[in-house]
Amino acid sequence: SQLEGGNTYHFYSAKNASYFINTLLQETSLRHALKSSEFEVYYQPQIEIKTGKMIGAEALVRWNHPERGRVSPGEFIPMAEEMGLIAPLGEWVLETACRQAQTWQRAGLPPLRVAVNVSARQFERKNFTERVREILTETGLDPKYLELELTESLVLQDEIAAAKAFTVWRDLGIRIAIDDFGTGYSSLSYPKRFPFDAIKIDKSFIRDIADDRQNAAITVAIIQMAHCMNMRVVAEGVENEQELDFLCDRECDEIQGYFFSQPLPRAEFEALLKSDKCW
Ligand code: C2E
Ligand code: CA
Ligand code: CA
Ligand code: CA
């Protein structure tokens with residue numbers, strides 16, 4: 001192949017992709033990739049059903065690797081976690097998203113909440129709660145425009161630490177969403193024990209929701225439970241009109257998915273935000 005002649009990439013490409021990525025991460029180091037701007041934050045619109053307006057955006061990281069092209073976060077996030085590199089990467093995403101949201105607001109665009117994913121390994125770090133506060137101070141973003149998306153494994157791995165962090169974030173005005181709800185080994189009681197602002201229904205439950213009676217039942221139950229507890233419900237992975245109609249009828253609050261928009265690079269997302277589009 002083109003990569004022959006002392007280049008080890010050829011050898012690794014014969015093995016599985018994660019081994020390749022793992023090796024590259026080790027070789028180049030995450031810091032290098034961050035410095036050389038190989039990472040990029042994409043933004044996916046979150047639409048409020050009631051108004052048809054975009055009220056938020058989820059920040060989703062992309063890796064534009066010089067040899068491999070676009071590497072999906074599903075591949076490199078677990079790797080970064082394993083290698084203890086998720087903290088600097090996650091902080092970079094958080095800071096980038098907060099700074100961007102603040103820049104848009106200063107430019108007079110409609111205020112937007114940014115949702116940032118936090119991995120369990122990132123949350124474990126002792127100073128994480130403090131870093132969030134520092135990033136908000138540094139970027140000047142009003143904390144009410146930040147939502148942190150946490151998974152249940154993060155919450156359940158250390159409930160005491162989670163409760164402490166939530167109290168700090170709540171006092172600051174940061175919102176907390178529980179991500180991928182229902183996909184783990186969840187106990188239904190944990191949303192009762194923690195003060196979440198929103199529940200995100202995983203896309204696996206949204207698929208074919210108009211025809212799939214089991215997915216429909218689960219989704220309806222989650223929406224009812226969330227509303228009883230004064231939480232918003234965000235459905236992800238909405239790909240067509242049937243899914244949207246179903247979710248509108250069942251009074252889901254917010255929608256995210258390819259039906260509206262893929263995650264977009266900054267400039268494209270900005271154009272959408274400027275257009276003040278109403279769905
Ligand atoms: P997630 O948090 O569940 O994010 C939603 C995923 O669904 C994203 O995949 C998004 O692009 C995709 N998606 C959105 N709409 C649709 C749709 O209509 N149909 C389908 N089939 N998919 C849709 P993505 O961007 O590849 O990210 C995958 C996962 O990687 C995320 O899942 C999240 O767990 C993780 N991730 C991404 N960025 C970050 C980050 O900055 N930090 C951390 N810790 N994790 C991240
Ligand atoms: Ca998420
Ligand atoms: Ca997730
Ligand atoms: Ca998900």
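Counting begins at 1 with the first residue of the sequence. Start at 1 and go down the list; that is how both ligands and their atoms are numbered.
Listed by number with element, the atoms of ligand 1 under 4.0 Å from a non-hydrogen atom of V61 are 38 (N), 39 (C), 40 (C), 41 (O). Residue S119 approaches ligand 1 through these ligand atoms, each under 4.0 Å from one of its heavy atoms: 44 (N). Interface of E58 with ligand 1, defined as ligand atoms under 4.0 Å from a residue heavy atom, comprises 2 (O), 4 (O). Close contacts of ligand 1 with E239, meaning ligand atoms under 4.0 Å from a residue heavy atom, involve 17 (C), 18 (O), 19 (N), 20 (C), 21 (N). Close contacts between ligand 1 and G257 involve ligand atoms 15 (N), 18 (O) [criterion: under 4.0 Å to a heavy atom]. Listed by number with element, the atoms of ligand 1 under 4.0 Å from a non-hydrogen atom of D179 are 2 (O). Set against the non-hydrogen atoms of D180, the atoms of ligand 1 under 4.0 Å away are 3 (O). Listed by number with element, the atoms of ligand 1 under 4.0 Å from a non-hydrogen atom of V93 are 41 (O).
The shortest heavy-atom distance from G90 to ligand 1 is not under 4.0 Å. In this structure, Q256 does not count as a contact residue of ligand 1, since none of its heavy atoms falls inside 4.0 Å of the ligand. Within the structure, ligand 1 lacks S72 among the residues with a heavy atom less than 4.0 angstrom away.
Counting heavy atoms closer than 4.0 Å to ligand 1, residue L89 contributes nothing at all. Contact annotation for Q262 and ligand 1: no heavy atom of the residue comes within less than 4.0 Å of the ligand. Residue K200 does not touch ligand 1, judged by heavy-atom distances below 4.0 Å. Contacts with ligand 1 closer than 4.0 Å are made by side-chain heavy atoms of Q44 only, the backbone lying farther away.
Checking only distances, D202 never comes within under 3.5 Å of ligand 1, N or O to N or O. Considering backbone and side-chain atoms together, R62 places an N or O closer than 3.5 Å to an N or O of ligand 1. Ligand 1 has an N or O atom lying under 3.5 Å from an N or O atom of Y258, backbone or side chain.
Annotation: F76 is in aromatic contact with F39 [ring centroid separation under 6.0 Å].
Distances from atom 42 (N) of ligand 1 to the heavy atoms of L60, N117, L150, V116 put N117 nearest. The heavy atom nearest to atom 28 (C) of ligand 1, considering only A97, P45, P73, is found in P73.
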Verdict with reasoning, R62 to E38, per salt bridge (Lys or Arg N to Asp or Glu O under 4.0 Å): CA-CA 8 Å; R62 298 289 179 260; E38 287 169 21; over 6 Å; no

Evaluation steps, salt bridge (Lys or Arg N to Asp or Glu O under 4.0 Å), between R68 and E75: CA-CA 12 Å; R68 277 202 76 207; E75 286 184 75; 3.6 Å; yes

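Within D202, the N, O or S atom lying nearest to the Ca ion (ligand 4) carries the name OD1. Looking only at its N/O/S atoms, E58 has OE2 as the one nearest to the Ca ion (ligand 2).
The aromatic rings of F196 and Y190 lie perpendicular to each other, with more than 60° between the two planes, well past the 30° mark.
In this structure a side-chain-to-backbone donor-acceptor pair under 3.5 Å is present from Q102 to G140. In this structure a side-chain-to-backbone donor-acceptor pair under 3.5 Å is present from N240 to E243. With S275 contributing its side chain and L272 its backbone, the two residues share a donor-acceptor pair below 3.5 Å. Distance alone, capped at 3.5 Å, is enough to place a donor-acceptor pair between the N215 side chain and the R207 backbone. Judged by distance alone, with hydrogens and angles left aside, the side-chain atoms of E58 form no donor-acceptor pair with the main-chain N or O of V116 at under 3.5 Å. Counting only distance, with no hydrogens or angles, the side chain of T167 and the backbone of A163 share a donor-acceptor pair below 3.5 Å.
We find that R131 and E138 are joined by a salt bridge, their nearest charged nitrogen and carboxylate oxygen being less than 4.0 Å apart.
For residues 89-119, the ring pair (Phe, Tyr, Trp, His ring centres under 6.0 Å) pairs, not counting sequence neighbours, are Y43-W104, W104-F269. Pairs of residues two or more places apart, or lying in two chains, that qualify as side-chain hydrogen bond (donor to acceptor under 3.5 Å, both in side chains) and include a residue from residues 141-150 are E147-R232, E149-K200.
Seen from the Ca ion (ligand 4), atom OD1 of D180 and atom OE2 of E236 lie 140° apart in angle, a value rounded to 10°. Considering the Ca ion (ligand 2) as centre, the angle to OE1 of E149 and to OD1 of N117 is 90° (10° rounding).
With 3.0 Å as the limit, D179 does not count as an N, O or S neighbour of the Ca ion (ligand 4).
With rounding to the nearest 0.5 angstrom, the CE atom of M79 is 10.5 Å from the CD atom of E81.
Within the 4.5 Å cutoff, no side-chain heavy atoms of T96 are placed close to those of V61.
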